[in-house]
Amino acid sequence: LFGISNTKNMYNNFYKSDSEKHNVFISYYHKGNQKYRDEFETLFGHLFINKSVEDGDIDSDNSDEYIKHLIQEDYIKDASVVVVLCGQNTWKRKHVDWEISAGLNKKVGGYSGLLGIHLPTHPDYNKDKYNSDNIPARLADNLKTKFAKIIDWTESEEIIKKRIQEAFDNRTNDDLIDNSRDQMDDNIE
């Protein structure tokens, strides 16, 4: 009888912790920040359900409209939090802009929370402030309204878990969302 009770409790604890995982979409510049994205998933992937686009999932020869549709319907629709890994050139990438926009669009699947993370390669890493000119503009818009937060890269599970939860909880503050900017048509070179 003791063994059955412990097995049931272990199952309930596993089920509870598994059901509390958030669906997280990781937005990043594939060419410049793949190693950080991989490290983020290695360090913290057990804390969330990854809804991200993997390198090679979407053929870049497809039309922009088709790629936007795939991002919205196949990846971000189920995401409750969008995490933006901000490297030196992330702000220049149209796909990052589209991913943030989709996460802030109620029509896509409800609002996603938004969290930016300065990577060690970012000029604002380890500074007490951020320069809105070198992060994705849509992220900067939502930092200004206090819908989003930005932190420095960390390997602390406690910090990442806390910040993802805060972004998830902040989804209800949809009056703070600023998704008014036109989506980028092209990458900035």
Side-chain angles (χ1 to χ4, degrees), residues 12-30 33 36-55 57-58 67-87 90 93-119 130 135-181 183:
N12 286 340
N13 288 340
F14 173 78
Y15 181 76
K16 182 179 180 192
S17 66
D18 214 34
S19 67
E20 291 176 358
K21 289 182 178 181
H22 298 300
N23 293 333
V24 174
F25 183 94
I26 303 168
S27 181
Y28 65 104
Y29 176 25
H30 291 254
N33 303 122
Y36 287 106
R37 188 251 182 241
D38 294 344
E39 189 173 347
F40 188 82
E41 189 168 3
T42 298
L43 291 169
F44 309 118
H46 63 284
L47 299 175
F48 57 84
I49 299 166
N50 189 349
K51 299 306 235 171
S52 303
V53 175
E54 299 293 331
D55 198 20
D57 278 356
I58 298 176
I67 292 172
K68 283 182 192 181
H69 175 77
L70 286 177
I71 290 169
Q72 291 176 354
E73 294 301 318
D74 292 352
Y75 297 95
I76 293 186
K77 184 176 184 178
D78 296 331
S80 55
V81 176
V82 174
V83 172
V84 184
L85 299 180
C86 297
T90 306
R93 311 311 296 173
K94 66 183 178 183
H95 293 142
V96 171
D97 180 58
W98 299 348
E99 292 161 355
I100 297 169
S101 178
L104 299 176
N105 186 340
K106 186 176 184 177
K107 294 177 189 171
V108 172
Y111 301 115
S112 298
L114 185 57
L115 173 65
I117 299 177
H118 281 137
L119 299 178
Y130 67 91
I135 59 174
R138 199 173 308 275
L139 173 60
D141 293 343
N142 286 279
L143 288 168
K144 288 177 191 167
T145 67
K146 307 274 191 251
F147 180 76
K149 301 263 189 288
I150 194 162
I151 63 171
D152 280 336
W153 173 266
T154 179
E155 294 184 2
S156 168
E157 184 174 312
E158 183 178 316
I159 291 171
I160 293 298
K161 189 173 185 176
K162 178 182 177 185
R163 296 303 186 184
I164 288 175
Q165 183 63 45
E166 288 172 352
F168 176 82
D169 292 343
N170 205 33
R171 296 175 317 142
T172 59
N173 294 323
D174 57 347
D175 57 319
L176 298 177
I177 293 174
D178 183 353
N179 202 16
S180 60
R181 168 182 304 270
Q183 289 184 347

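Heads up: numbering here begins at 1 and tracks the sequence. Quick caveat: nothing in here was measured; it's all calculated off a predicted structure.
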**Q** Within the 4.5 Å heavy-atom criterion, are P136 and D97 side-chain neighbours or not?
**A**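 A side-chain contact under 4.5 Å is absent here.
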**Q** Please report the interatomic distance CD1(I117) to CD1(I160), rounded to the nearest 0.5 Å.
**A**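 CD1 of I160 is found 4.0 Å from CD1 of I117.
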**Q** Return yes if some donor-acceptor pair links the side-chain N/O of S80 with the main-chain N/O of N23 below 3.5 Å, else return no.
**A**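 Side chain of S80 to backbone of N23: a pair is present.
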**Q** So, for A140 and Y130, which heavy atoms are closest and what is the spacing to 0.1 Å?
**A**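 Smallest interatomic distance, heavy atoms only, reads O-OH, 4.4 Å.
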**Q** Would you say that I135 contacts L143 through its side chain, given a criterion of any heavy-atom pair below 4.5 Å between the two side chains?
**A**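 I135 vs L143: side chains touch.
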**Q** If I compare all heavy atoms of V81 with all of I164, which pair ends up nearest, and what's the gap?
**A**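 For V81 and I164, the tightest heavy-atom pair comes out as CG2-O, 3.8 Å.
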**Q** Can you tell me how far the CG atom of D141 sits from the CZ atom of R181, to the nearest 0.5 Å?
**A**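 One finds 4.0 Å between CG of D141 and CZ of R181.
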**Q** Can you name the residues that form a side chain to side chain donor-acceptor pair (under 3.5 Å) with E157, not counting sequence neighbours?
**A**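 With neighbours one apart ignored, the set is H46.
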**Q** In terms of relative ring orientation, are W153 and F40 parallel, tilted or perpendicular, with 30° and 60° separating the classes?
**A**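 Rings of W153 and F40: tilted, as their planes differ by 30° to 60°.
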**Q** For H22, give me all partners under side chain to side chain donor-acceptor pair (under 3.5 Å), at least two apart in sequence or on another chain.
**A**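 Side chain to side chain donor-acceptor pair (under 3.5 Å) check on H22 returns Q165.
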**Q** Which distance, rounded to the nearest 0.5 Å, do you find between the OG of S27 and the CD1 of I76?
**A**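 Between atom OG of S27 and atom CD1 of I76 there are 7.0 Å.
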**Q** Are F44 and V24 close enough that some pair of their side-chain heavy atoms sits under 4.5 Å apart?
**A**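 A side-chain contact is absent here, since even the closest heavy-atom pair is not under 4.5 Å.
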**Q** Who pairs with Y111 by ring-ring contact (aromatic ring centres under 6.0 Å, His included), at least two apart in sequence or on another chain?
**A**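 Residues passing ring-ring contact (aromatic ring centres under 6.0 Å, His included) with Y111: none at all.
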**Q** Which residues pass the side chain to side chain contact (heavy atoms under 4.5 Å, CB included) test with R163, not counting sequence neighbours?
**A**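 Side chain to side chain contact (heavy atoms under 4.5 Å, CB included) list for R163, sorted by chain: L115, I151, I159, E166.
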**Q** What orientation do H30 and Y28 show, parallel under 30°, tilted 30 to 60°, or perpendicular over 60°?
**A**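 The rings of H30 and Y28 sit tilted, inter-plane angle from 30° to 60°.
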**Q** Applying side chain to side chain donor-acceptor pair (under 3.5 Å), name anything that partners N142, two or more places apart in sequence or on another chain.
**A**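 N142 satisfies side chain to side chain donor-acceptor pair (under 3.5 Å) with no residue once adjacent residues are dropped.
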**Q** Indicate yes or no for a side-chain donor-acceptor contact from R37 to the backbone of L85 under 3.5 Å, with no hydrogens or angles considered.
**A**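 Answer holds: no.
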**Q** Checking R171 side chain against F168 main chain: does a donor-acceptor pair fall under 3.5 Å?
**A**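 Pair found, side chain donor or acceptor close to backbone of F168.
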**Q** To the nearest 0.5 Å, what is the distance between CG on N105 and CD1 on I100?
**A**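 Output value for this atom pair is 13.5 Å.
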**Q** Do D178 and K144 sit within salt-bridge range, that is, some charged N less than 4.0 Å from a carboxylate O?
**A**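 No.
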**Q** Flag the pair L139 / V96 as yes when at least one side-chain heavy-atom distance between them is below 4.5 Å, and no otherwise.
**A**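 SC-SC contact between L139 and V96 ruled out.
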**Q** For K162, give me all partners under side chain to side chain donor-acceptor pair (under 3.5 Å), at least two apart in sequence or on another chain.
**A**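 By the side chain to side chain donor-acceptor pair (under 3.5 Å) rule, K162 matches no residue at all.
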**Q** Look at the side chain of N170 and the backbone N and O of F147, then say whether any donor-acceptor pair between them is shorter than 3.5 Å.
**A**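 Yes; judged by distance alone, with no hydrogens or angles, the pair exists.
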**Q** Compare every heavy atom of I150 with every heavy atom of C86, then report the nearest pair and how far apart it is.
**A**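 Scanning both residues, the minimum pair turns out to be SG-CD1, 4.4 Å.
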**Q** Given salt bridge (Lys or Arg N to Asp or Glu O under 4.0 Å), test D174 with K106 step by step and report yes or no.
**A** CA-CA 9 Å; D174 57 347; K106 186 176 184 177; 5.5 Å; no
**Q** When you compare the side chain of E39 with that of E155, does any pair of heavy atoms fall below 4.5 Å?
**A**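 Sidechains of E39 and E155: in contact.
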**Q** Starting at CG of N50, measure out to CD1 of I26 and round the result to the nearest 0.5 Å.
**A**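 N50 atom CG to I26 atom CD1 measures 4.5 Å (nearest 0.5 Å).
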**Q** So how far is it from Y29 OH to T90 OG1, rounded to the nearest 0.5 Å?
**A**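 So the gap between those two atoms works out to 9.0 Å.
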**Q** Do the side chain of S112 and the main chain of V82 share a donor and acceptor less than 3.5 angstrom apart?
**A**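 Such a contact is absent between S112 side chain and V82 backbone.
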**Q** Is it the case that the side chain of T145 and the backbone of L176 share a donor-acceptor pair, with hydrogens and angles ignored and the cut-off at 3.5 Å?
**A**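 Present.
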